[in-house]
Amino acid sequence: MKVVIIEDEQLTAQRLENMLLKYDATIDIQATLPSVAESVDWFKANPDPGLVFMDIHLEDGQSFSIFETINLDVPVIFTTAYDEYMIKAFKVNSVDYLMKPLNYEELVQAIEKYKRLHAQHASPNLDTLIQSIQQKEVSYKDRFL
């Protein structure tokens, strides 16, 4: 799973990274971004990751500005100390809303929720679909009454 962390507090970002790697050592943390501007630049220059962990208050504004600047269609787990943005968060691709300080069990539940939702929306394996279509022989009636 490819992950981006958007968090302006370095210790919090490091703690989240450690918790993610404790959950699954194969998680690929592609970037840790401290600001709206750096996040926008990163998303413009890189393919979308599978999941974003995003704080709401960043060093140069609110993270909702990212969604207003670019078309970001990536699942997001918000990690914040403010509960007043919860409704707004669920209007922009939010999977879950975790309150700081982050709790490992709640983080695991949020990732599992993401996996369940992602599995429901996963596209079918096209190779398998093509093979199943090609294997069907068309049969026509050869006798009529």
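Hydrogens, waters and symmetry mates are skipped; everything else that's a heavy atom, side chains included, is used. This is a predicted model, so every value here is computed, not measured.
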Would you say that [X] contacts [Y] through its side chain, given a criterion of any heavy-atom pair below 4.5 Å between the two side chains?
X   : Y   : answer
I6  : I66 : yes
T79 : M99 : no
I29 : F53 : no

Apply side-chain contact (heavy atoms from CB on, under 4.5 Å) to E106 and list each qualifying residue two or more places apart in sequence or on a separate chain. L98, N103
Not counting sequence neighbours, which residues clear side-chain contact (heavy atoms from CB on, under 4.5 Å) with T69? List them please. V40
For F78, enumerate each residue passing the ring-ring contact (aromatic ring centres under 6.0 Å, His included) test, keeping only those at least two apart in sequence or located in another chain. F64
Does the D96 side chain pair with the main chain of I111, one donor and one acceptor, at a distance under 3.5 Å? no
Considering all heavy atoms of both residues, which atom of [X] and which atom of [Y] are nearest to each other, and what is their separation?
X   : Y   : answer
L51 : P75 : CD1-O, 3.5 Å
L58 : P34 : CB-O, 3.9 Å
S65 : V36 : CB-CG1, 3.8 Å

Is [X] linked to [Y] within one hydrophobic cluster, defined over Ile, Leu, Val, Met, Phe, Trp and Tyr using a side-chain heavy-atom separation of less than 4.5 Å?
X   : Y    : result
V95 : F67  : no
I70 : L33  : yes
I77 : V3   : yes
M54 : L107 : no

Those residues that, when tested against N46, pass side chain to side chain donor-acceptor pair (under 3.5 Å) (two or more places apart): none
Considering residues at least two apart in sequence or located in another chain, which fulfil the side chain to side chain donor-acceptor pair (under 3.5 Å) criterion with D28? none
Residue pair D48, V4: steps toward the side chain to side chain contact (heavy atoms under 4.5 Å, CB included) verdict: CA-CA 9 Å; D48 288 344; V4 169; over 6 Å; no
According to the side-chain hydrogen bond (donor to acceptor under 3.5 Å, both in side chains) rule, which pairs have a member within residues 82-94, sequence neighbours left out? H57-Y85, Q62-Y85
By the side-chain hydrogen bond (donor to acceptor under 3.5 Å, both in side chains) test, which pairs, at least two apart or in different chains, include something from residues 29-44? none
K113 NZ: over 12 foreign heavy atoms closer than 6.0 Å: yes
Start with the C-alpha gap between L20 and I5, add the side-chain angles, then the distance that decides, and say whether side chain to side chain contact (heavy atoms under 4.5 Å, CB included) holds. CA-CA 10 Å; L20 289 170; I5 298 172; 4.1 Å; yes
Please set out all donor-acceptor pairs under 3.5 angstrom arising from side-chain atoms of residues 7-16, sequence neighbours excluded.
{"residue": "E7", "atom": "OE1", "partner": "K100", "partner atom": "NZ", "Å": "2.8"}
{"residue": "E7", "atom": "OE2", "partner": "E9", "partner atom": "N", "Å": "3.1"}
{"residue": "E7", "atom": "OE2", "partner": "K100", "partner atom": "NZ", "Å": "3.2"}
{"residue": "D8", "atom": "OD2", "partner": "E59", "partner atom": "N", "Å": "3.3"}
{"residue": "E9", "atom": "OE1", "partner": "T12", "partner atom": "OG1", "Å": "2.9"}
{"residue": "Q14", "atom": "NE2", "partner": "N18", "partner atom": "OD1", "Å": "3.1"}
{"residue": "R15", "atom": "NH1", "partner": "L102", "partner atom": "O", "Å": "2.9"}
{"residue": "R15", "atom": "NH2", "partner": "L102", "partner atom": "O", "Å": "3.2"}

Filter on ring-ring contact (aromatic ring centres under 6.0 Å, His included), then keep only pairs touching residues 97-116, sequence neighbours left out; what's left? Y114-H118
